[in-house]
Amino acid sequence: MLLIRSSGWFCLLLTALMLTTALSAQAGEKIVIAHRAASGYLMEHNLASVALAVGMGSDYIEQDLVMTKDDQVIVLHDPTLSRVTNVAELFPGRNRADGQFYALDFTLAEIKRLRLLEPYSNSGNGEGRFPDTSQNLQLSIPTFKEELELIRGLEKTMRRDIGIYPEIKQPWLHRKEGKDISLAVLKILREYDYTTRDEKIFVQCFDPLELKRIHDELFPALGMDLKLTQLIDDNNGNETKTLEWGEWVNYNYDWILSKSGLRAISAYISGIGLDKSMLVDGAGNLLRPTLIDDAHQLGLVVHPYTFRREKESLPPYAASFEALLEFFYFKVGVDGVFTDYCGDAVRFLHTRPTAPAAVPTGGEILPSQPVVDPESPKEPQVPQTSPTSPAAASQPGMPVAPAVPAVAAPLPTTVPTPPGSVAPATRLPIVITGPEPAAKPAPVTPPAESKYR
Ligand code: CA
């Protein structure tokens with residue numbers, strides 16, 4: 001098999017851009033967030049996958065961020081390297097007692113020697129998936145800077161703004177290692193001119209205390225003010241732990257999902273991100289019927305995760321990926337979705353016939369054409385493509401020009417500000433934090449000119 005050497009991803013980039021139409025996903029007031037880049041089609045988190053996600057018309061590209069031993073910020077979902085690289089083969093014995101190879105234990109130079117080997121089945125292997133030869137591309141883990149360099153460049157090439165959605169991963173874990181990942185990430189963002197709320201960026205994190213710190217301390221010190229998204233977990237401790245009475249315990253997010261909690265975070269947060277199963281149960285019933293309306297009234301957007309098209313990933317109430325998107329975008333009323341299948345989601349928004357966007361306000365799901373009664377043997381299908389767009393059927397994942405007018409309203413470029421009646425932030429719940437972060441950074445003067453904007 002022919003090996004495509006290090007510049008191979010660039011061929012993919014060009015291909016992706018050639019396939020791009022003049023459209024982006026901004027067909028309406030709904031956005032598509034490319035979860036770990038175009039991870040449903042190609043390996044997650046690498047420059048080729050970013051180029052593909054951009055080429056497919058995604059509104060935002062997600063970056064999961066962790067740090068290396070020598071304080072570099074890289075784009076990697078797990079704090080460990082084993083799942084997606086050949087680290088065990090290249091660096092035997094460099095694992096910790098738990099058997100894992102932590103990025104925090106490797107220098108950037110060492111990490112750059114690793115090859116991405118994400119299993120073919122990891123992100124699905126359905127139609128439109130890059131062939132099972134992607135390991136021959138010799139893709140590597142990008143630094144955050146490399147990814148921003150690519151995206152800022154593509155903004156010029158594509159003549160459109162490309163959103164980014166960086167996630168600061170596990171500040172508590174980095175702090176235990178003496179690293180201030182939030183400060184490191186913000187300094188890089190500042191270097192690439194992401195400094196104001198007008199920039200197309202949401203900074204996301206599962207750690208509520210860290211987001212408060214970013215807003216209250218780091219933003220003023222760095223002369224920045226960006227939109228923030230509070231990620232909400234189901235209290236399983238996979239994402240955030242806090243030190244309480246000398247013991248690391250799972251963070252409990254229940255308070256945030258109360259009205260008072262949402263009101264409190266809305267003083268400094270622009271959006272919330274949560275698993276879609278926290279909004280809708282397995283039968284398609286709303287679990288928190290007023291949450292979306294409450295969030296919107298507070299000026300918060302709602303971006304649930306993660307939307308996948310594989311049959312085994314579809315809940316019983318959705319007959320297809322498109323039915324699932326229709327349900328969440330236009331019945332539940334979310335503002336955007338994190339999806340592995342950004343191209344399919346972009347195509348869905350562009351080819352969907354304009355329809356009334358009914359948003360339930362009560363506890364019941366509105367009768368909906370695409371939503372399937374789990375008891376019913378017949379599953380109605382959402383029209384996925386226009387009959388006049390045969391290309392859509394033959395190229396899953398690729399955005400195609402809509403044969404019907406796109407949803408009329410343009411995407412807002414900024415998040416609406418909370419109404420004036422919103423109460424100021426109330427005191428956060430008392431949680432004993434881990435060791436204090438590194439010393440407060442000194443204010444830095446922004447550069448007068450930049451090549452990036
Ligand atoms: Ca993430």
Side-chain angles (χ1 to χ4, degrees), residues 31-37 39 44-45 50 53 58-67 73-79 144 147-148 151 162-174 180-190 192 194-197 199-216 218-219 222 224-234 236 238-241 251 253 256-257 261-262 265-276 278-279 295 298-307 334-340 342 414-415:
I31 63 166
V32 173
I33 305 156
H35 181 246
R36 309 186 197 176
S39 60
E44 68 185 48
H45 286 327
V50 170
S58 308
D59 295 289
Y60 286 80
I61 316 293
E62 188 201 28
Q63 298 82 29
D64 291 301
L65 302 173
V66 301
M67 289 182 81
V73 178
I74 58 174
V75 186
L76 180 70
H77 180 266
D78 308 344
F144 188 33
E147 195 154 324
L148 294 183
I151 289 172
I162 299 164
I164 61 169
Y165 218 124
E167 178 183 348
I168 298 172
K169 299 294 286 187
Q170 305 193 358
W172 66 277
L173 180 66
H174 286 85
D180 187 345
I181 183 173
S182 298
L183 179 59
V185 167
L186 293 181
K187 281 182 171 175
I188 293 171
L189 287 172
R190 193 173 156 282
Y192 283 83
Y194 295 95
T195 55
T196 72
R197 298 173 62 84
E199 291 295 325
K200 197 169 178 180
I201 172 176
F202 287 90
V203 176
Q204 53 171 335
C205 188
F206 273 101
D207 189 330
L209 296 173
E210 189 70 0
L211 284 173
K212 189 85 167 64
R213 171 182 172 247
I214 287 170
H215 178 268
D216 291 354
L218 299 186
F219 277 172
L222 294 166
M224 303 169 70
D225 185 19
L226 304 174
K227 295 187 288 290
L228 298 172
T229 290
Q230 175 69 65
L231 297 173
I232 301 168
D233 199 4
D234 59 2
N236 61 19
N238 287 341
E239 296 291 349
T240 303
K241 293 183 186 298
Y251 191 88
Y253 291 89
I256 292 181
L257 290 170
L262 278 185
I265 66 170
S266 71
Y268 58 95
I269 294 293
S270 297
I272 56 172
L274 68 177
D275 194 297
K276 60 184 186 302
M278 297 170 75
L279 292 172
L298 292 165
L300 300 170
V301 291
V302 181
H303 296 155
Y305 55 85
T306 300
F307 289 73
V334 304
D335 304 281
V337 302
F338 288 87
T339 177
D340 290 353
C342 50
T414 57
V415 173

Any I168 side-chain heavy atom under 4.5 Å of V203 side chain: yes
Any L262 side-chain heavy atom under 4.5 Å of I269 side chain: no
Nearest-0.5 Å distance, CG of residue L257 to CG of residue L279: 8.5 Å
Test log, rule side chain to side chain contact (heavy atoms under 4.5 Å, CB included), inputs L231 and T240: CA-CA 10 Å; L231 297 173; T240 303; over 6 Å; no
Worked verdict on F307 versus Y305 for ring pair (Phe, Tyr, Trp, His ring centres under 6.0 Å): CA-CA 6 Å; F307 289 73; Y305 55 85; 9.1 Å; no
Evaluation steps, side chain to side chain contact (heavy atoms under 4.5 Å, CB included), between I265 and L211: CA-CA 9 Å; I265 66 170; L211 284 173; over 6 Å; no
Residues E239 and K169 bridged, charged N to O under 4.0 Å: yes
pair Y194-I164: side-chain heavy atoms closer than 4.5 Å: yes
Check: D59 side chain, I31 main-chain N or O, donor-acceptor pair, under 3.5 Å: no
N-O pairing of D207 and K212 below 4.0 Å: no
Residues Q204 and Q230: side-chain donor-acceptor under 3.5 angstrom: no
Within-4.5 Å side-chain heavy-atom neighbours: F206 and N238: no
Plane angle bin for H77 and H35 - parallel if under 30°, tilted between 30 and 60°, otherwise perpendicular: perpendicular
Given V301, L298, T229, I232, the one that forms side-chain contact (heavy atoms from CB on, under 4.5 Å) with I272: I232
Criterion side-chain hydrogen bond (donor to acceptor under 3.5 Å, both in side chains) on H303 and Y165, from CA distance to verdict: CA-CA 11 Å; H303 296 155; Y165 218 124; 2.7 Å; yes
Side chain to side chain contact (heavy atoms under 4.5 Å, CB included) between L228 and F219, worked out: CA-CA 11 Å; L228 298 172; F219 277 172; 3.8 Å; yes
With sequence neighbours excluded, residues passing side chain to side chain contact (heavy atoms under 4.5 Å, CB included) with A34: A53, S58, I61, C342
Heavy-atom check, side chain of E167 versus side chain of L65, under 4.5 Å: no
Derivation of the side chain to side chain contact (heavy atoms under 4.5 Å, CB included) call for L189 and I201: CA-CA 10 Å; L189 287 172; I201 172 176; 3.7 Å; yes
Side-chain heavy-atom pair I162, K200 within 4.5 angstrom cut-off: no
Chi angles and distances behind the side-chain hydrogen bond (donor to acceptor under 3.5 Å, both in side chains) call for H174, D180: CA-CA 7 Å; H174 286 85; D180 187 345; over 6 Å; no
Listed partners of D78 passing salt bridge (charged side-chain N to carboxylate O under 4.0 Å, His left out), at least two apart: R83
R197 versus S270, side-chain donor and acceptor atoms under 3.5 Å: yes
Between CE on residue M278 and OH on residue Y253, distance to nearest 0.5 Å: 9.0 Å
Shortest non-hydrogen contact from P79 toward L173: CB-CD2, 3.8 Å
Shortest non-hydrogen separation from V73 to A184 and the atoms involved: CG2-CB, 3.8 Å
Heavy-atom closest pair, residues P208 and Y268: O-OH, 4.2 Å
Approximate separation, where rounding is to 0.5 Å, of D233 CG and Y251 OH: 11.5 Å
Pairwise distance CD(E210) to OG(S182) - rounded to 0.5 angstrom: 3.5 Å
Polar side-chain atom of K276 near backbone of T306 as donor-acceptor pair, under 3.5 Å: yes
Close side-chain approach of D64 and L76, heavy atoms under 4.5 Å: no
Separation of L300 CG from S266 OG (nearest 0.5 Å): 5.5 Å
Donor-acceptor contact present, side-chain E62 to main-chain R36, <3.5 Å: yes
Sub-4.5 Å side-chain heavy-atom contact between L226 and T196: no
